[in-house]
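Whatever order the structure lists ligands and atoms in, that order sets their numbers, starting from 1.
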Amino acid sequence: EKGAYPHYMLKEIDEQPAVIRRLIQKYSGDNGKITVDPDVIQAVTDCDRLYIIACGTSYHAGLVGKHLIEHLAGIPTEVHISSEFSYNMPLLSKNPLFLFISQSGETADSRAVLVKVKKMGYPTLTLTNVEGSTLYREADYKMLLYAGPEIAVASTKAYTAQMAVLSFIAVATAGRKGLALDFDPVHELSIAAQAMEQMVDDKAQLKEIARDFLSITRNAFYIGRGLDYYVCMEAALKLKEISYIQAEGFAGGELKHGTIALIENGTPVLAFATQENVNNSIRNNVEEVLARGAHTCIISMEGVTEQPGDQIVLPKVHKTYTPLVCAIPLQLIAYYAALQNECDVDKPRNLAKSVTVE
Ligand code: M6R
């Protein structure tokens, strides 16, 4: 039940710090170390390439997962949109493992791939929020998101839970392979949960951003680089889905290859700048669109990329976990933009919570 909340979406956004804390408990052992089912980690370690298959928000979590699994565990990983995979199948490696990410576990496009690759004899792993769902039942290995029921059509807490669990897969696989990490994942993830809490407790600034940047516009752009780019793709999807504002997430470096032609006087461009290694480049991109009249907003991170004049400064977290913290502003900005546009936040037009047809 949504209790005192006006919308399930807002309730589910607020639940995210608690979901992350629950996940730490579920996936850490008595020794305080991340612990994942040894059979799952064996399967990940044994594969020569991981193929992540998902749709929508789950696909965006998968992109972050690829970054973490490749960087921390050294397992080559590809991410594919389920509906594209079947007829556009890449050349597969010798020993692939297929990882299906699905909040509902019922997405038909993803199931079609699962059925196909099982027939080909490949091992499958499902990461879902719904125990006993179709994708859960039909996969060889399974992991749960423990996010609690997600009612709003727009996925929020499942997205952050997916990214957290993908980080556990990365960390546990690194452990199995004897690769040393230069940070304590449990500690850093607790700090991220704390930062998320701070963000959900400070909604006023995000409401203002929605008002200042998105109240009279028909379109908006998110730009970022690296992990921030993946965050931008999710930010744009969330905004489109519930506020009906046409939005796209772009890789900062791609602007000059075409997109910048769209910038007019007043076009809202929101930039995520939480990654130290691309901070200068993304700020240059902001300058470029500013010079063409864009209305720009920078979302940066305390002590990492922050500069005077940044509109939103997120509390500092380890670079592995920035997308978890970015999720809160991107979701709340979309939420307030949808309210401004008097949209049905929990049940956007033309959409269903689980897409059970191909
Ligand atoms: O249940 P799934 O995670 O498989 O659903 C995938 C997408 O349909 C879903 O993430 C969709 O994009 C959301 N409504 C986005 O908020």
Side-chain angles (χ1 to χ4, degrees), residues 7-13 15-16 19 51-65 79-86 98-115 124-139 142-166 222 230-245 247-249 323 326-328 330-335 337-338 343-358:
H7 299 102
Y8 281 107
M9 183 181 177
L10 193 62
K11 173 173 178 271
E12 290 162 5
I13 290 172
E15 283 170 359
Q16 291 176 105
V19 170
Y51 293 82
I52 297 181
I53 310 287
C55 308
T57 290
S58 298
Y59 170 73
H60 296 153
L63 293 169
V64 172
V79 196
H80 293 271
I81 293 172
S82 313
S83 59
E84 285 291 310
F85 185 86
S86 301
F98 285 86
L99 165 53
F100 296 87
I101 309 178
S102 175
Q103 187 286 129
S104 62
E106 300 297 345
T107 298
D109 287 327
S110 302
R111 177 165 187 253
V113 178
L114 184 127
V115 169
T124 52
L125 160 62
T126 287
L127 175 52
T128 181
N129 200 28
V130 184
E131 192 167 2
S133 58
T134 308
L135 285 163
Y136 179 93
R137 281 186 278 110
E138 294 181 349
K142 17 225 152 198
M143 288 180 79
L144 285 171
L145 295 171
Y146 299 109
E150 193 182 64
I151 309 291
V153 165
S155 183
T156 54
K157 58 180 179 169
Y159 171 61
T160 40
Q162 285 162 350
M163 295 190 291
V165 177
L166 287 163
Y222 276 99
Y230 302 147
V231 164
C232 287
M233 293 167 77
E234 172 60 6
L237 173 60
K238 213 93 297 177
L239 190 61
K240 282 184 274 206
E241 184 177 27
I242 60 169
S243 77
Y244 315 148
I245 293 171
E248 294 307 328
C326 293
I328 310 284
L330 79 82
Q331 294 163 355
L332 283 169
I333 290 171
Y335 175 77
C343 298
D344 187 346
V345 171
D346 283 340
K347 287 202 177 80
R349 68 187 179 201
N350 310 338
L351 286 166
K353 180 65 183 162
S354 0
V355 184
T356 53
V357 288
E358 275 180 59

> Would you find a donor on one side and an acceptor on the other, under 3.5 Å apart, between the side chain of Tyr244 and the backbone of Arg349?
Replying inline: yes
> Considering distance alone, does some N or O of Lys353 sit under 3.5 Å from an N or O of ligand 1?
Replying inline: no
> Does one side chain, of Gln331 or Thr156, offer a donor that lies under 3.5 Å from an acceptor on the other?
Replying inline: no
> Are the side chain of Ser243 and the backbone of Ile245 linked by a donor-acceptor contact shorter than 3.5 Å?
Replying inline: yes
>> Check whether Lys240 reaches the backbone of Glu248 with its side chain - one donor and one acceptor, N or O, closer than 3.5 Å.
In response: no
> Among the heavy atoms of Cys55, does any lie under 4.0 Å from an atom of ligand 1?
Replying inline: yes
>> I need the nearest protein heavy-atom contact for atom 8 (O) of ligand 1: residue, atom name and distance, please.
In response: Val355 CG2, 4.1 Å
> What do we get for Glu106 next to ligand 1 when only non-hydrogen atoms under 4.0 Å count, side chain, backbone, both or neither?
Replying inline: neither
>> Could you identify the single nearest non-hydrogen protein atom to atom 11 (C) of ligand 1 and state the distance to 0.1 Å?
In response: Thr57 N, 4.2 Å
> Which residue and non-hydrogen atom of the protein lie closest to atom 1 (O) of ligand 1, and at what distance in Å?
Replying inline: Ser104 OG, 2.7 Å
> Under 4.5 Å between any side-chain heavy atoms of Thr126 and Arg137, yes or no?
Replying inline: no
> Closest non-hydrogen protein atom to atom 13 (C) of ligand 1, residue and atom name please, with distance?
Replying inline: Glu241 OE2, 3.5 Å
> Do any nitrogen or oxygen atoms of Gln103 lie less than 3.5 angstrom from nitrogen or oxygen atoms of ligand 1?
Replying inline: yes
> Does the Glu150 side chain pair with the main chain of Lys157, one donor and one acceptor, at a distance under 3.5 Å?
Replying inline: yes
>> So does Thr356 get a backbone contact from the side chain of Ser354, meaning a donor-acceptor N/O pair under 3.5 Å?
In response: no
> In terms of residue, atom name and distance, what is the protein heavy atom nearest to atom 5 (O) of ligand 1?
Replying inline: Thr107 OG1, 3.5 Å
> What atoms in ligand 1 come closer than 4.0 Å to a heavy atom of Ser102?
Replying inline: 1 (O), 2 (P), 3 (O), 4 (O)
>> Using a 4.0 Å cut-off to any heavy atom of Ser58, which atoms of ligand 1 qualify?
In response: 2 (P), 3 (O), 10 (O)
> Is any N or O atom of Ala154, backbone or side chain, closer than 3.5 Å to an N or O atom of ligand 1?
Replying inline: no
>> Checking the side chain of Ser104 only, and the main-chain atoms of Glu106 only, is there a donor and an acceptor separated by less than 3.5 Å?
In response: yes
>> Using a 4.0 Å cut-off to any heavy atom of Lys238, which atoms of ligand 1 qualify?
In response: 15 (C), 16 (O)
>> Distance under 4.0 Å to a non-hydrogen atom of Gly56: what atoms of ligand 1 satisfy this?
In response: 12 (O)
> Parallel under 30°, tilted from 30 to 60°, perpendicular over 60°: which one fits the rings of His80 and Phe85?
Replying inline: perpendicular
